[in-house]
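Contents: one structure, followed by commentary.
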Amino acid sequence: MTGITEKLPYLQETGIDAIWLSPIYKSPMYDFGYDITDYRQIQDEYGTMADFENLLNVSKSLGVRVVLDFVPNHTGNESQWFNRSIAGEAPYNEYYVWADGLNATYDNGTFYTKPPSNWVSNFRKSAWEFNEVRGQYYLHQFVIGQPDLNYRSDSLQEEMKNVLRFWLDKGVSGFRVDAVNKLYEADPRNYGGVYPDEPLSGIAGLGPDDYEYLIHVYTENLNETYDVVYNWRDLLDEYITTQGEYDDKIMMTETYADLPLMIKYYGTKTRNGSIPFNFSFLEDITMNSTAWEIKTVIDQWMTYMPSGRVANWVNGNHDKSRVATRQGVDRIDAMNMLALILPGVAVTYQGEEIGMIDGYVSWNDTKDPWGCNTDDPINYVLKSRDPERTPYQWDSSAHAGFSNTTGATWLPVADNYLTLNLAAQMANQKSHYHFYKDVVTNRKTPAIQEGDLDTRALSESLLVVTRLLPGEAGMLGVVNLASEAQTIDLTSLRLLPSDLEVVASGVDCALEKGATLTKTSIPVSGHCALLFRSGVVSYGGAASTHYLSYPLMLLALASYTIIRTNFS
Ligand code: NOJ
C-alpha cells in the first residue's frame, strides 16, 4: 500500500517544497473528486480527517507544504446544498444557476421544454439539465453531476470563504483554484430576462454538442470574476498575519484563456491577486517547437507579467498529456530543467520527474467523463484524460508498487512500468530522476532564486538560459534540441563569467557532473540538457524586481493516482 504520508520523505529528499493534492473531499467521483458533496469532509477511501491532519503534521515537520484543490465553480449534484436548492430552501435556493425552460408545452399530458440557451458543457452536450422536482433547468459547465454555483448570491460567496477558512485553520499552505474563469455567466437581467445564446465559432466539422462549436462570450472570463479572486487573496493574507511563522499562503488559479485575461488574475495596482497558472509549456510547445519558439514562449509570459509578481511554469497536470508523450522522450530533461531554472514557481505533475509516458487505456476501461461523453469507441482518445492519470510507477513489483494486496488499480498501469519506474531510476545515476533532483538542488542557489534572466536561441536547436546575480555564482542552462552533437561558444554572453562547472547532466549528455570548461567551447551532445555553475558574477547595478522568485517547487499529485486506499 502506498500512501502520501509514507512517501513524504521521498518528496522531501527530491527537494519538493510543496504538494498540491487534487480534491480529497467527499465525492461520488463522477469527475474524480471535482464533484464535491461536502467541502469539509474527506472522501472515505483516502482516509479520515485524522489521517489528513497527520499528513499535514508530518509534512510540516519535513518542510513540505500542503496545498489543496479549491473547487469553487460547482459542487456535486448529491450535495446537501444542491438538494436544498432543489427544494427551494433559502438561502440555498439561490446557490445554483437555475432557469426556466423555453417553449414549455403540454402534449397529451407530457411536459416538453427546451434548455434556456444553446450553452454547451466543457465535456460536450447541453450545459443545462432539467430537474423535475424544481421544474427548472440547472447549469453545469462540466458533467451533469457538477451543478454550477451562483456567485451573484452573497450568501454563497460567504459560504465559500468559510470553506477556505476551514482548511486554513487546519494549517494548509494555500490553494489551487479550479476552473476559476467560469465563476460567472451573463446576467439575464441585462438580456431581457433570458440567458443569451453564444455565437457560433464556425469551426468546420463540429456540431452543437461540441464545446468548441460556440464562442464562450457569456460563460467565461466575465469581469466580476477578478474581484472574487482578489477577495480570496485578502482572506489568505489575513492568515499570513495570524499564522505567520510557517509560510505564505499561495493561491494559484486555473484558467485557460488569452494571456491578457490571465494576467489580470495577478492583481491591480491596489489589489493583490493570485498566481495564474502559466500553461504555455503545455499548450504552446510541441515536439517540433524550435529553440526560437521556446524562447518566444518564455519571453511572452515574462513580458506580460506585471513587475513584482511571480512567474510560474507548468510542466504537466492531470488534464494534459505527459511531457514525454506531448513533447517527446528526447525533451524530458530539457523541459524539466527549463521549468526549474526559470524565475518563479515550477509545477511538476507526479511522474514527470521520471519521464512517465501516457498509459494506454482501452474504451472499455475508460473512466474519464470527457472520454466517455464522446460516445465514440475510436476517437475517445482525443478527449480522454485517463492516459495521463494511470497510476504512479514506483517500482517493478506488481501494479508498479501502486496497489494494495487486493491487486486492483483504478486504471491500468502503463505497460512500461517494469523498466520505467522510480526505483530503477534511483538506482541509476544517469536517469531523469537524478537529473531532476540535481537541478532542484541547484534551484536553491541565489542566482536561480533572484538572478536576472536572459534567454537566447543560438540557432533553431540551441537554447541557452542564464540567471545571474551580482556577487554570486551564475547559473547557465543549455539545451540541444537536435539529435547531433554541437559545440557552442558563449563569448557573446558578456556578463557570464568564463569558468563553468557542470552541476546537472541529462540522460543524453556525454559531459558529466563535475566537468569544468570555459564558455568559449562547450560540447553538447544531441538531445542533451546541461546545467552549469559559473564563477562569481561581477557586474553591479540595482536588482530587478521582475525576476524575483517564489522559492517554491510544487508537485501536483492527483490523489486518485498517487494513493491507493488512504493517506497513510
Ligand atoms: C479542471 C480540473 O483540473 C479538471 O480535472 C476538472 O475536470 C475540471 N476543472 C472540472 O472541475
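Order of listing sets the numbers, starting from 1, for every ligand and every atom in it. If you read the sequence from its start, that first residue is 1, and numbering goes on from there.
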**Q.** Subset of ligand 1 atoms that lie under 4.0 Å from at least one heavy atom of Glu254
**A.** 1 (C), 3 (O), 9 (N)

Q. Where does Phe277 meet ligand 1, judged by heavy-atom distances below 4.0 Å: at the side chain, the backbone, both, or neither?
A. neither

Q) Can Asp51 and Thr48 be said to form a side-chain hydrogen bond (donor to acceptor under 3.5 Å, both in side chains), step by step? A) CA-CA 5 Å; Asp51 292 333; Thr48 61; 3.3 Å; yes

Q.
For the residue pair Arg309 and Tyr266, would you count it as a cation-pi contact if the rule is NZ or CZ under 6.0 angstrom from the ring centre and within 45 degrees of the ring axis?
A. no

Q: With heavy atoms only and a cut-off of under 4.0 Å, state how Arg176 meets ligand 1: side chain, backbone, both or neither.
A: side chain

Q. Residues two or more places apart in sequence or in another chain: which of them pass ring pair (Phe, Tyr, Trp, His ring centres under 6.0 Å) with Tyr213?
A. none

Q. For ligand 1, which atoms have a heavy atom of Asp319 less than 4.0 angstrom away?
A. 1 (C), 2 (C), 3 (O), 4 (C), 5 (O)

**Q.** Sub-4.0 Å heavy-atom approach of Phe123 to ligand 1
**A.** yes

Q) Which of the numbered atoms in ligand 1 are below 4.0 angstrom from a heavy atom of Arg385? A) 4 (C), 5 (O), 6 (C), 7 (O)

(Q) Distance alone, cut at 3.5 Å: any donor-acceptor contact between the side chains of Ser280 and Trp301? (A) no

Q: With heavy atoms under 4.0 Å as the rule, classify the contact between Arg389 and ligand 1 as side chain, backbone, both or neither.
A: side chain

Q | SB check Arg152 Asp187 (cutoff 4.0 Å) | A | yes

**Q.** cation_pi(Lys7, Trp394) dist<6.0 Å, angle<=45
**A.** yes

**Q.** Atom indices of ligand 1 within 4.0 angstrom of His74 heavy atoms, with elements
**A.** 10 (C), 11 (O)

